[in-house]
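Everything on this sheet refers to the single structure shown next.
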Amino acid sequence: MTRVRYFAAAAEAAGTDAEERPETTLAELRAAVVSEHPALGDILPKCAVMVDGVRSDDDRSLDGVALIDVLPPFAGG
C-alpha cells in the first residue's frame, strides 16, 4: 500500500487529506482516485505529483513507493 497525501484544493476535492492506496502504477492510481473522488477529475491534471519526493508526470511502477503527494498549483511566492 502507498500513502497518498492531498494538499489544499486537492484535499478538498478528495474529501480527505490522506489515504492508503493499493494501485501498482501511477496511471492506475490516477484513474482510481478520479473514479472514487470525481471532483479530482478537474484538478488532478494541474497538480504536481511527487513520488517519494520526486516529481513524476509519467506512468511508473509504485513498487516500493511509500509516499505520494498531490500538490495543486499554489498562488503567491
Side-chain angles (χ1 to χ4, degrees):
M1 296 286 266
T2 302
R3 183 159 183 80
V4 178
R5 298 188 303 184
Y6 302 99
F7 293 86
E12 185 176 324
T16 186
D17 61 357
E19 62 183 335
E20 299 293 323
R21 301 296 313 188
E23 291 77 25
T24 59
T25 69
L26 190 53
E28 288 175 2
L29 176 76
R30 289 177 189 267
V33 298
V34 168
S35 176
E36 292 179 26
H37 310 292
L40 278 172
D42 291 333
I43 206 164
L44 189 59
K46 301 170 192 165
C47 291
V49 177
M50 306 295 286
V51 179
D52 280 342
V54 177
R55 186 176 178 141
S56 185
D57 293 319
D58 59 349
D59 186 21
R60 60 171 283 181
S61 171
L62 299 179
D63 289 341
V65 170
L67 183 64
I68 295 176
D69 290 324
V70 180
L71 306 162
F74 293 96

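Along the sequence shown, residues carry numbers from 1.
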In short, T2 meets V65 closest at the heavy-atom pair OG1-O, 3.3 Å
Does the side chain of Y6 pick up a donor-acceptor pair with the side chain of E12 at under 3.5 Å? no
Please report the shortest heavy-atom distance between L40 and A14, naming the atom on each side. CD1-CB, 4.0 Å
Min side-chain heavy-atom separation L44-V33 under 4.5 Å: yes
Smallest separation among heavy atoms of R55 and C47, with atom names: NH2-O, 4.4 Å
Verdict with reasoning, R5 to V70, per side chain to side chain contact (heavy atoms under 4.5 Å, CB included): CA-CA 6 Å; R5 298 188 303 184; V70 180; over 6 Å; no
Might you point out which heavy atoms bring R3 and E20 nearest each other, and give the distance in Å? NH1-OE2, 3.1 Å
Verify the cluster assignment for L71 and V51: are they in a single hydrophobic cluster under the rule of side-chain heavy atoms below 4.5 Å apart? no
Quick one: closest heavy-atom pair of E23 and A32, and the distance? OE2-CB, 3.2 Å
Does D69 reach the main-chain N or O of M50 with its side chain, forming a donor-acceptor pair under 3.5 Å? no
Contact between V49 and D57 at the side-chain level, heavy atoms closer than 4.5 Å - yes or no? no
CD-OG distance between E28 and S61, expressed to the nearest 0.5 angstrom: 9.5 Å
Electrostatic pair R21-E19, nearest N-O below 4.0 angstrom: yes
Counting distance only, does the side-chain N/O of D59 pair as donor-acceptor with the main-chain N or O of A27 below 3.5 Å? yes
Establish whether F7 and V4 are linked, either directly or via other cluster members, by ILVMFWY side-chain heavy-atom contacts under 4.5 Å. no
Any heavy-atom pair between the side chains of I43 and P72 that's under 4.5 Å? yes
Atom CG of L62 and atom CG of L29: how far apart are they, to the nearest 0.5 Å? 6.0 Å
